[in-house]
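Each remark here refers to the structure printed beneath this line.
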Amino acid sequence: MTSVNAKSASLLASRNMPRPYQRTLPIPEVLKPKSTTVDPDGHKRHLYQIEQRAALANIVPGLSTPILGYNGTFPGPTIKVNKDERITLEMDNVLPMFHPQWGYRLDTSTHLHGSASLPQYDGYANDLTGLGYCKDYQYPNFQPARTLWYHDHAVHNTAQSVYSGLAGQYHLHDEVEGNILPQGKFDVPLTISDAMFAANGQLGYNDNTHSGLWGDVILVNGAPWPVMKVQRRIYRFRILNASIARSYRFSLSTGDAVTMVATDGGLMPTAQQVTSWRQAGAERYEILIDFSKYPVGKRVELRNLSNKNNVDYDYTGRIMAFDVTSEPVDTSGPGARVLPTLLAASGTMSLKTSQSVKTRHMRVKRDLETWTIGGMTWDEVVKSGYRKVLADPDLNDVEIWEIENSSGGWFHPVHIHLVDFQILSRNGRAPFPYERGPKDVVYVGEGETVRLLMKFEHHRGRYMIHCHNLPHEDHDMMAQFSVGIDTNEDDPNHPIDAVRPHLIGEAPASGGTTQPTETASPEATESAAPIQSAAPVTTETAAPVTTVPTQSAAPVTTQPATQTDVVTITTARHRLGKDITFAGTSKYSGTATGGTVTLYDVTPGRAATRIGATTINSLGSWTWTTKPGPSRQVTMVRADSSRGGTATASVRTS
């Protein structure tokens with residue numbers, strides 16, 4: 001343990017440092033529906049409820065770790081549903097107003113990753129739910145069986161919120177996989193992540209100037225390097241990489257092959273025998289391991305051979321262990337003894353390049369301090385009023401997308417919402433055997449170019465494409481595409497406006513409701529001056545923390561005792577020579593609907609100077625940002641509303 005302590009990212013004392021293979025693998029509970037009804041067209045509909053809340057977790061010996069969890073657990077409860085049974089998920093935000101450690105505002109957006117959901121239920125980054133509010137998500141579940149996962153997707157804060165615990169698996173079943181693959185307790189979710197810890201057991205956070213976070217403790221279902229006891233039969237493991245940046249190259253300690261049966265989008269056409277596979281953030285692979293070949297008492301380890309562009313520590317080469325027991329073998333149910341070969345055809349894997357009507361090429365790279373995809377950032381999307389798109393296929397178009405990573409230094413797991421795709425090639429060669437199934441995330445390694453074939457089906461509307469190295473996504477490697485719509489026209493499935501959150505415990509109004517401005521997200525509109533941006537920018541995070549900041553980590557706002565417009569400043573930051581950002585809210589008790597906020601530099605010791613102005617959007621939020629900002633350091637800012645309110649706040653300078 002001395003070498004681990006000397007070469008670790010965590011600041012834990014040796015007595016608190018987890019040791020491999022001391023914990024039993026925990027299995028997340030399966031969430032039960034509150035009720036089940038039947039829709040007019042005969043489809044079952046299950047109603048589920050989840051609370052996003054702060055909690056304490058037992059991860060490191062002798063200490064408690066504060067987390068954010070779905071129903072207070074990490075991972076969140078597993079949701080299991082049969083194909084064509086619909087779900088309404090009431091997602092309640094009862095988190096603190098601000099993150100207890102890192103100070104950013106805990107508005108949330110829930111993305112069911114792998115679901116062909118309508119845009120308003122897809123977890124669009126700026127479709128935010130504030131404290132005390134609920135968003136009712138509708139999931140159709142008409143796709144073939146697959147492993148999905150749900151996670152937070154709030155703009156600019158996805159990395160820290162997922163890292164803090166907002167992630168859980170979601171299993172869609174159908175008759176095909178139900179007849180050939182292990183089920184029940186032999187169908188095991190493995191949510192794998194990594195973390196670093198402060199001396200007091202809190203999560204540490206260091207994203208290496210937005211390049212990525214690589215922890216020294218590997219967690220499986222929230223437990224460090226756990227052990228699972230297994231019978232001498234075939235097991236199915238649903239492996240989700242929920243790390244916010246780390247990729248893995250998994251293998252068994254015995255050198256034996258596993259049987260790969262499913263990728264992100266479900267069953268592969270043919271099972272593949274692989275001795276190792278690389279897996280980036282958000283990718284899901286389903287594997288079968290036949291433990292009948294091993295004697296009782298044998299320990300089989302799942303190991304990590306790692307990949308280029310990771311940071312590795314003494315024990316990041318280990319994931320978990322399986323101990324073969326003498327327990328009587330349960331051979332009931334499918335897939336207990338025989339490994340399958342032929343699996344299932346799919347529409348995605350049946351697509352032909354001759355069907356493609358367009359080929360698009362895009363690069364993923366870093367421009368100065370900003371990550372871009374196809375030359376676009378999310379800031380540009382927001383400033384355009386959510387009209388700017390990277391691509392605009394028509395409904396049911398088939399296209400080829402080429403994604404190039406030639407800038408060096410990083411790999412990028414690229415996720416395309418709505419669709420499953422087929423990987424045609426990687427640097428002109430065939431995809432890896434384990435990639436020969438429907439995918440929604442593609443690992444684009446350093447120096448690699450991948451070609452993808454996809455059909456833009458199911459729904460019209462706006463959908464996102466982004467890097468699933470989440471610090472990259474947050475800064476600002478995210479764009480959108482549209483399917484079958486003109487984004488300059490009215491959109492009945494607008495991802496933000498079509499269905500709004502409502503107060504917890506109250507029924508949503510027809511067509512959705514709008515949050516009052518005091519809990520509205522910093523969702524942006526076009527600003528009043530050409531240089532102004534409407535992107536909601538939050539405060540940056542520091543290196544690993546050892547103490548819990550109070551909520552004063554957010555800008556402290558002072559307000560007059562009486563005013564018509566109650567203005568708050570939620571973000572105030574000026575990095576001299578780099579950028580400047582202010583954001584806040586406005587609650588107006590009058591009848592006017594429009595308004596602007598004018599910002600002044602009121603740094604002590606010099607005269608007040610106008611910085612800029614921006615509009616207050618329909619939700620009562622406002623944002624102003626520009627680069628590089630004023631030539632003098634701003635340490636205090638005042639926001640004056642055209643509707644009568646004013647507020648001042650100290651400015652973060654780092």
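Remember, it's a predicted structure, so these values are computed and weren't measured experimentally. What you see below is based on every heavy atom in this structure, not just the backbone, and it leaves out hydrogens, waters and symmetry mates.
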With a 3.5 Å distance limit and no angle check, can you tell me whether [X] reaches the backbone of [Y] through a side-chain donor-acceptor pair?
{"X": "Gln231", "Y": "Asp330", "value": "yes"}
{"X": "Ser251", "Y": "Ser276", "value": "no"}
{"X": "Gln422", "Y": "Thr348", "value": "yes"}

Report task. Could you tell me which non-hydrogen atom of His153 sits nearest to which non-hydrogen atom of Thr158, and how far apart they are? Result ->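 Distance-wise, the nearest heavy atoms are C-OG1, 3.2 Å.
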Should we count [atom1] of [X] as having more than 12 external heavy atoms under 6.0 Å?
{"X": "Lys358", "atom1": "NZ", "result": "no"}
{"X": "Lys83", "atom1": "NZ", "result": "yes"}
{"X": "Lys298", "atom1": "NZ", "result": "no"}

Will you find, in the side chains of [X] and [Y], an N or O donor that is under 3.5 Å from an N or O acceptor?
{"X": "Thr191", "Y": "Gln169", "answer": "yes"}
{"X": "Gln279", "Y": "Asn241", "answer": "no"}
{"X": "Gln183", "Y": "Glu177", "answer": "yes"}
{"X": "Thr147", "Y": "Arg238", "answer": "yes"}
{"X": "Ser253", "Y": "Arg299", "answer": "no"}
{"X": "Thr73", "Y": "Asn71", "answer": "no"}

Query raised in the report: Taking C-beta and beyond as the side chain, do Leu267 and Leu181 meet within less than 4.5 Å on heavy atoms?
Result: yes
With a 6.0 Å cut-off on the ring centroids, do [X] and [Y] count as close?
{"X": "Tyr124", "Y": "His417", "value": "no"}
{"X": "Tyr70", "Y": "Trp149", "value": "no"}
{"X": "His472", "Y": "His466", "value": "no"}

Assign the ring pair [X] / [Y] to parallel, tilted or perpendicular, where the plane angle (0 to 90°) is split at 30° and 60°.
{"X": "His113", "Y": "His151", "result": "tilted"}
{"X": "Phe456", "Y": "Trp401", "result": "tilted"}
{"X": "Phe186", "Y": "Tyr235", "result": "perpendicular"}

Requested in this report: Starting from the C-alpha separation in whole Å, work towards a yes-or-no answer on side-chain hydrogen bond (donor to acceptor under 3.5 Å, both in side chains) for Asn427 and Glu448.
Outcome: CA-CA 6 Å; Asn427 284 359; Glu448 292 182 346; 5.4 Å; no
Query raised in the report: Given Phe250, which of Tyr285, Phe237, Trp277, Tyr434 fulfils the ring-ring contact (aromatic ring centres under 6.0 Å, His included) condition?
Result: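 Between Phe250 and the candidates, ring-ring contact (aromatic ring centres under 6.0 Å, His included) is satisfied uniquely by Trp277.
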Requested in this report: Check Asp187, Ile289, Thr259 against Arg236 for a side chain to side chain contact (heavy atoms under 4.5 Å, CB included) and give me the one that passes.
Outcome: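 Option passing the side chain to side chain contact (heavy atoms under 4.5 Å, CB included) with Arg236: Asp187.
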**Report entry** Spatial distance of atom CG (Leu172) from atom NZ (Lys80) [nearest 0.5 Å]
**Finding:**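 Reported to 0.5 Å precision, the distance equals 11.0 Å.
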Requested in this report: Determine, stepwise, if the pair Arg462 / Asp122 fulfils salt bridge (charged side-chain N to carboxylate O under 4.0 Å, His left out).
Outcome: CA-CA 10 Å; Arg462 297 164 170 86; Asp122 192 47; over 6 Å; no
Query raised in the report: Taking the six-membered ring of Tyr443 as reference, does the NZ or CZ atom of Arg278 fall below 6.0 Å from its centre and within a 45° cone about the axis?
Result: yes
Report task. Run the salt-bridge test on Arg146 and Glu286 with the 4.0 Å N-O cut-off and return the result as yes or no. Result -> no
